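Okay, structure first, notes after.
All chains are named by letter (A, B, ...) in the order of the sequence lines, taking the proteins before the strands, and each is independently numbered beginning at 1. Every value quoted in this text rests on a predicted model; they were computed, and no experiment measured them.
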2 protein chains.
Amino acid sequence: MALRPVKPQHETRTRILDAAEELFMQHGFEGTSMRQLTARAGVNLAAVNYHFGSKDALIEAVFKRRLDPMNAERVAALDALEKDGQALASVDIIRAFVVPSLRLIEDAKGGGRNFIRLLGRTYTEPAKTVRALIGQMYAPTMERYKRALERALPQMPADELVWRMHFMFGTLAYTLAATDTVQLIAGCKPEDRYDARLLEERLTVFLAAGLHAPLESSIKKAA
Amino acid sequence: MALRPVKPQHETRTRILDAAEELFMQHGFEGTSMRQLTARAGVNLAAVNYHFGSKDALIEAVFKRRLDPMNAERVAALDALEKDGQALASVDIIRAFVVPSLRLIEDAKGGGRNFIRLLGRTYTEPAKTVRALIGQMYAPTMERYKRALERALPQMPADELVWRMHFMFGTLAYTLAATDTVQLIAGCKPEDRYDARLLEERLTVFLAAGLHAPLESSIKKAA
DNA sequence: GTCTATATCCTGATAGAC
DNA sequence: GTCTATCAGGATATAGAC
């Protein structure tokens with residue numbers, strides 16, 4: 001029972017998940033039918049319900065497959081940074097958060113790029129269930145990063161930090177969702193478009209600057 | 001034929017547009033059926049096809065109604081700023097772009113808030129037609145703002161500016177889409193959540209800082 | 001302009017043979 | 001575990017009376 005070459009054990013599940021990633025990204029959840037999906041995956045129509053139970057359960061499985069490892073990677077990166085015991089620079093915290101998601105845009109073959117665009121798009125997804133699902137998958141990681149930033153920026157008011165984290169998260173989300181599509185980037189060299197290192201550096205620098213924006217704005221003048 | 005009190009001339013059209021804004025925002029385009037939509041609007045099922053021709057044409061009308069005036073406002077704001085003839089500060093350019101969209105979040109009654117969330121969500125919308133539609137409605141305004149920023153920041157490399165505009169646009173998009181929903185803002189005072197002035201100041205400060213982030217990052221070290 | 005009734009098609013899900 | 005055939009319902013769109 002050992003050494004059988006390719007053993008297509010969960011192969012059908014994987015094919016379905018890959019096809020779902022791609023089609024959900026292209027057409028959204030409601031815009032993708034089980035017929036399209038199973039045809040693309042090269043499996044039978046009934047296979048999705050057999051392996052996952054329902055379309056909703058499939059959606060959940062699509063996110064779970066990638067999101068759990070991605071957030072584990074983020075937390076591990078923070079752990080590694082904090083090992084030294086010395087204070088963290090906020091740039092490093094930002095980079096630790098950004099990198100695990102951006103790296104996937106280079107994984108065109110394995111479908112990571114499809115997922116990452118789907119993920120970016122889903123942050124603003126209206127669907128009741130989906131948003132809650134993602135939110136709870138993210139919650140512990142977000143809490144962890146919030147505490148890290150609080151320690152790195154003790155002088156920043158709590159509500160200001162919350163807003164700036166919100167903005168940062170949004171910039172990342174849009175960047176993930178739009179890497180392929182946006183007309184603006186037309187001005188950018190095509191070979192740079194999928195260079196994750198370049199993008200993560202650009203994005204990190206931008207976010208760090210925003211996070212450190214001066215506090216004495218006209219907001220305070222009003223008080 | 002004058003002075004009839006309320007003349008419900010295009011009233012049916014308006015009711016349909018309002019209902020569409022709300023339901024598209026809540027459930028997406030594919031997730032909203034004509035039956036739901038006409039029921040919510042209090043009009044007959046056939047009315048949509050009579051007044052707009054098709055569901056797709058309705059979607060287009062929803063965006064046209066708000067987007068054209070909004071972008072006109074943006075261009076007018078730039079015109080006003082440039083009237084003096086002196087160089088513009090990039091903060092003012094950013095604010096001129098951001099304000100016309102954020103102000104709509106205070107229009108809960110007129111449906112502006114619904115639209116603004118729909119708009120934010122639609123920037124990352126997968127649907128083929130919709131994205132193209134929005135893109136072409138925005139193109140001239142974006143071009144105009146790009147030139148203004150180029151003049152305000154002559155020292156910035158062209159490709160760097162394009163990326164930073166991309167990030168800025170993304171942050172705004174996400175902010176629009178998520179004003180209501182995101183769990184992060186739970187830490188924020190509830191009465192501030194719909195205060196457009198506060199939000200636009202916070203966002204403008206954040207974006208301006210990101211736009212002016214130092215250029216000598218590790219990107220340059222690689223060269 | 002508004003409404004009812006309906007045509008045509010596609011959706012997610014399942015029963016049951018293999 | 002995979003397939004075919006099918007169910008029950010919902011989708012957009014339209015024809016035609018009022």
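Distance L58(B) CG to dA13(D) P: 10 Å, rounded to the nearest Å. When the P atom of dT2(C) is taken as reference, atom CZ of R15(B) falls 10 Å away, rounded to whole Å. One atom, NE2 of H51(B), and another, C1' of dC3(C), lie 12 Å apart when rounded to the nearest Å. The CG-P distance, from L37(A) to dC10(C), rounds to 17 Å in whole Å.
For the side chain to side chain donor-acceptor pair (under 3.5 Å) with E22(B), the qualifying choice from R117(B), R113(B), R40(B) is R40(B), the only one to do so.
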Exercise. What does nucleotides 12-18 of chain C look like as a protein-contact string, B for base, S for sugar-phosphate only, - for none, at under 4.0 angstrom between heavy atoms?
Worked result: BBB----
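At a threshold of 4.0 Å, the pair D18(B)-R15(B) does not count as salt-bridged, since none of the basic side-chain nitrogens sits closer than that to a carboxylate oxygen. A salt bridge is defined here as a Lys NZ or Arg NE, NH1 or NH2 lying under 4.0 Å from an Asp or Glu carboxylate O, and E201(B) with R197(B) fails to meet this definition.
A close approach under 4.0 Å does occur between a side-chain nitrogen or oxygen of N44(A) and OP1 or OP2 of dT4(D). The side chain of T12(A) contributes no N or O atom lying less than 4.0 Å from OP1 or OP2 of dG1(D).
Considering only heavy atoms from C-beta on, L199(A) stays 4.5 Å or farther from E106(A) through its side chain.
When only modelled atom types and interatomic distance are considered, Y138(B) and Y123(B) share a side-chain donor-acceptor pair under 3.5 Å.
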Problem set entry | Test side-chain contact (heavy atoms from CB on, under 4.5 Å) applied to F29(A) and L118(A), step by step | CA-CA 10 Å; F29(A) 304 116; L118(A) 170 62; 4.0 Å; yes
